[in-house]
> 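Quick one: structure below, then a few questions.
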Amino acid sequence: MRYSEMFLPTVREVPSDAETVSHKLMIRAGMIRKLTSGIYSYLPLGYRVIRKVENIIREEMHNAGAQEVFLPMVQPAELWQESGRWVHYGKELLRFTDRHDREYCLGPTHEEVITDLVRHEVKSYRQLPVTLYQIQTKFRDEIRPRFGVMRCREFGMKDAYSFDATEEGAEINYEKMYAAYNRIFMRLGLKYRAVEADSGSIGGSYSHEFMVIASSGEDALVFCSACDYAANLEKAGAATGAPKPEKTEPVKILPRTEVHTPDIKTIEDVCAFLNVLPVQVVKTVIFNADGSPVVALVRGDEEINPIKLKNYLGCEVLELAKDDMIREVTGAPRGFAGAIGIKARMIEDYSLANMSNFVMGANREDYHLLNVNRGRDFEVSECADLRFVREGDTCIHCGSALKFARGIEVGHVFKLGTKYSQAMKAVYLDANGREQVMIMGCYGIGIGRTVAASIEQNHDDNGIIWPLPIAPYQVAIVPVNSDDARMAQAAEGLYQALSSRGFEVIMDDRNERAGVKFKDADLIGIPYRITIGPKNLAEGKVEIRERGSGAMNVLPLEQVVNFITGAVRKENE
RNA sequence: CGGGGCGUAGCGCAGCCCGGUAGCGCGCCUGCUUUGGGAGCAGGAUGUCGCAGGUUCAAAUCCUGCCGCCCCGACCA
């Protein structure tokens, strides 16, 4: 396209409310504009990239046997009441009423709608399995939208849903999608990692997140330095038993004593006051699990991972106990809780395994206990992995050291099981004529977020560096001086030649100085720039520069088409 | 929802403390010059100073209320 005719408003100055590189560059490159908090318009350049990503996803979905549908965004409350999420989804679900006072919501995801569709049409095992997907705008009323399209309220998402008659079938579908996702993110040219994840409010038995590695990422991920284990920090399993140097002699159990610790509440304070190390202290944390108190014990230098605890308990809502509940179970204010005599269900983390003669709250205001020992002083019947792993911890699979990285979650695959099909009665008749509940899976990719993640990974000081498969245009033609008839003519010739062969080309025919054109071409990240300048043109030559590597080639006009064809073909391999 | 900040030309900002004709840079329009990394000169257009109310002879500036946006936290596929 001719630049002079394009709606491509690039800006030199960075908008003051942009924080991340991708947000700044998407605005500067004229890809997006904000309408209101967390809601963005895509301009032509941005939308071209979106469509490229969508089409790659479409191809791989079709290869994986999924069929495209298009589901409503406005959904009736009844459906959500049936699944139970009208109550549980919370304020992220934007609800409203129509003129008849009927209740609706904007779809933040589409399990209910798709389950409703399939339960009406699928009656027999002969019709299964079926996998459907759509690319839709979702709305989630995020508490705090940020980072441009990375975490916004209205966003484009590809979501696929599989329905199977058998567990084995569901597994196969999950594997198919997992493989398709790997192909998608590979084709998009992203450095990513698939990690084990918690399934969160979508529910279901297990899931993987696809994380694009980026220092600006909102999520922490953990991976093994030796084997291929990788997990979300929330999910990452800690090796059982605290790593302890081998002990030669049995520990002498010392008599328990109570010490006065006025206003000493945190582990840090306790350690300083009693001159002990955090590894000699047991942290006693009281939670409110669906209204009942639950006590979790962990070594003083570790942190409780509430998601692990929640999954262990299988409760609906888990939060830190309020002061009155703490007083109720410990008889003391916050800061002095301990295991001895506490009135609640108690679970200890594996990190307590080798501890003896440790420090603990006394369940009495301003007192702690020294030389507490399990068995003698208290018993805990339940033991589980409750703590956050830390960098350097041992891998639960191979025992090597774990490493940390930051990532942007761009895709998530869930094995849902029967959570929705059960609640919404999506059933079929099996070969024996018996009614069975369908087994579901769901698989999402955030489109806009994927684009932003790509920019986070592919940019320099001058702007975006698009990987060829998602570049909005492949080639930019820059005649250094558009007033010069010979340059303009050469540019026009190349433009026609490349366009007619199916390449996507921007011809910068603006009456701007060369510097401006170069800056814009760099900013919007076009992979190949063909510069037509006076000296080279006098010899019938032009210059081709690669945006990413900066590699430069000067070659005769008539070889340009071949060069670009070859370069694009090579990239696609 | 708690804490903090901001709202003045299309964009980025100054002016506000200490009330007195609304400014700068970029962009935009016109002309001339210039033309390989965001040009120079000359001329020009553009504002209900977020909204509402109050104080005052006089409010961008002081006071009250509201709205919007951003950041930190809590929360969350």
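Lettering follows sequence order; numbering is per chain, from 1. This one's a predicted model, so the numbers in the text were calculated from it and none came from an experiment.
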> Taking it one step at a time, do A:Lys176 and A:Thr131 satisfy side chain to side chain donor-acceptor pair (under 3.5 Å)?
CA-CA 11 Å; A:Lys176 263 194 204 168; A:Thr131 300; over 6 Å; no

> Between B:rA74 and B:rG65, how far is it from one P atom to the other, in whole Å?
29 Å

> Scan every strand shown for a Watson-Crick or G-U wobble partner of B:rC66, both distances under 3.5 Å, and answer none if you come up empty.
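B:rG50 is the nucleotide pairing with B:rC66.
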
> Return the 5'-most residue of the pair A:Val14, A:Asp17 with respect to RNA chain B, ranking by each residue's nearest nucleotide.
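Result: A:Val14.
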
> Could you tell me which residues satisfy side chain to side chain contact (heavy atoms under 4.5 Å, CB included) with A:Ala485, sequence neighbours excluded, listed by chain and number?
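A:Ala485 satisfies side chain to side chain contact (heavy atoms under 4.5 Å, CB included) with no residue once adjacent residues are dropped.
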
> Whole angstrom is fine here: how far is it from CD in A:Glu112 over to P in B:rA77?
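My rounded result for the distance is 14 Å.
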
> I'd like the P distance from B:rU64 over to B:rU55, given in whole Å.
15 Å

> Taking a pair as Watson-Crick or G-U wobble with both distances under 3.5 Å, which nucleotide is matched to B:rG38?
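Per the H-bond distance test, none.
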
> Can you tell me how far P of B:rC76 sits from CZ of A:Phe155, to the nearest Å?
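A:Phe155 atom CZ is separated from B:rC76 atom P by 16 Å.
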
> A:Ile307 CD1 to B:rA77 C1': how many Å, rounded?
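About 12 Å, once rounded to whole Å.
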
> Could you tell me which residues satisfy side chain to side chain donor-acceptor pair (under 3.5 Å) with A:Ser216, sequence neighbours excluded, listed by chain and number?
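Here the qualifying residues are A:Glu456.
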
> Could you check A:Arg449 against A:Lys34 and say which one's nearest nucleotide on RNA chain B is further toward the 5' end?
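Looking at the nearest nucleotide for each, A:Lys34 comes out on the 5' side.
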
> It should be established whether A:Ser37 places a side-chain nitrogen or oxygen under 4.0 Å from OP1 or OP2 of nucleotide B:rG68.
no

> When rounded to the nearest Å, what value does the distance between C1' atoms of B:rG23 and B:rU33 take?
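Here B:rG23 and B:rU33 have their C1' atoms 29 Å from each other.
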
> Which letter, B, S or -, goes with each nucleotide of nucleotides 26-38 of chain B from 5' to 3', with contact meaning a protein heavy atom under 4.0 Å?
SS------BBBBB

> Using the rule side-chain contact (heavy atoms from CB on, under 4.5 Å), only one of A:Ile464, A:Asp461, A:Asn462 pairs with A:Asp522; which is it?
A:Asn462

> In whole Å, I'd like the distance from the CD1 atom of A:Ile143 to the P atom of B:rC71.
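Result: 14 Å.
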
> For A:Glu92, report the nucleic acid contact type (base, sugar-phosphate, nothing); a contact means any heavy atom under 4.0 Å.
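If one applies the 4.0 Å heavy-atom cut-off, A:Glu92 turns out to touch the sugar-phosphate alone, with no base involved.
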
> Considering the options A:Glu303, A:Glu234, A:Glu302, which one meets the salt bridge (charged side-chain N to carboxylate O under 4.0 Å, His left out) requirement together with A:Arg387?
A:Glu302

> Between B:rC1 and A:Lys91, is there an OP1 or OP2 to side-chain N/O distance shorter than 4.0 Å?
no

> Find the distance A:Glu234:CD to B:rC76:C1' and express it as a whole number of Å.
9 Å

> Roughly how far apart, to the nearest Å, are B:rC76 and B:rG38 at atom C1'?
41 Å

> Quick check: A:Tyr133 with A:Phe70 (ring centres under 6.0 Å apart)?
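No, they do not, as the ring centres are separated by 6.0 Å or more.
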
> Round to the nearest Å and state the distance from A:Tyr89 atom OH to B:rA77 atom P.
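The distance from OH of A:Tyr89 to P of B:rA77 comes to 8 Å, rounded to the nearest Å.
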
> For B:rC49 versus B:rU30, give the span between their P atoms, rounded off to a whole number of Å.
29 Å

> Determine: side-chain N/O of A:Ser16 to OP1/OP2 of B:rC13, distance under 4.0 Å, yes or no.
yes

> Which nucleotide, in any strand shown, forms a Watson-Crick or G-U wobble pair with B:rG2, with both distances under 3.5 Å?
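For B:rG2, the partner nucleotide comes out as B:rC72, under the 3.5 Å rule.
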
> Using whole Å, what does the distance between atom C1' of nucleotide B:rA77 and atom CD of A:Glu111 come to?
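Distance check: A:Glu111 CD to B:rA77 C1' gives 10 Å.
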
> For A:Lys541, which of A:Leu557, A:Ile532, A:Asn553, A:Asn536 qualifies under side-chain contact (heavy atoms from CB on, under 4.5 Å)?
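Going through the options one by one, the only one that passes is A:Asn536.
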
> Restricting to side chain to side chain donor-acceptor pair (under 3.5 Å), what partner residues turn up for A:Thr137, sequence neighbours left out?
none

> How would you list, by chain and number, every residue that makes a salt bridge (charged side-chain N to carboxylate O under 4.0 Å, His left out) with A:Asp460, sequence neighbours excluded?
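A:Asp460 satisfies salt bridge (charged side-chain N to carboxylate O under 4.0 Å, His left out) with A:Arg547 only.
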
> Can you tell me if A:Thr109 touches the phosphate of B:rA77, counting only side-chain N or O atoms and a distance under 4.0 Å to OP1 or OP2?
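The answer is no; no side-chain N or O of A:Thr109 sits under 4.0 Å from OP1 or OP2.
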
> How far, in whole Å, is B:rC62 from B:rG7 if one measures between their P atoms?
12 Å

> Can you check the distance between B:rA22 and B:rC28, where both ends of the measurement are the P atom (answer in whole Å)?
27 Å

> Using Watson-Crick or G-U wobble geometry with both distances below 3.5 Å, tell me the partner of B:rG12, or none.
B:rC24

> Identify, residue by residue, the members of residues 146-153 of chain A with a heavy atom below 4.0 Å from RNA chain B, and return them in order of residue number, or none.
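Contacting residues: A:Arg146, A:Arg151.
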
> A:Lys138 NZ to B:rC76 C1': how many Å, rounded?
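One finds 17 Å between C1' of B:rC76 and NZ of A:Lys138, rounded.
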
> Rounding to an integer number of angstrom, what distance separates B:rC66 and B:rG47 when you compare their P atoms?
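B:rC66 and B:rG47 have their P atoms separated by 31 Å.
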
> Would A:Arg95 pass as a cation-pi partner of A:Trp80, given that its NZ or CZ must be under 6.0 Å from the six-membered ring centre and within 45 degrees of the axis?
no

> Could you verify whether a donor N or O on one side chain and an acceptor N or O on the other, from A:Thr115 and A:Tyr161, lie under 3.5 Å apart?
no

> Applying the Watson-Crick and G-U wobble criteria at under 3.5 Å, what pairs with B:rG19? Answer none if nothing qualifies.
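The base-pairing partner of B:rG19, which may sit in any strand shown, does not exist here.
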
> Measure the acute angle between the ring planes of A:Tyr181 and A:Phe185, then classify it against the limits of 30° and 60° as parallel, tilted or perpendicular.
perpendicular

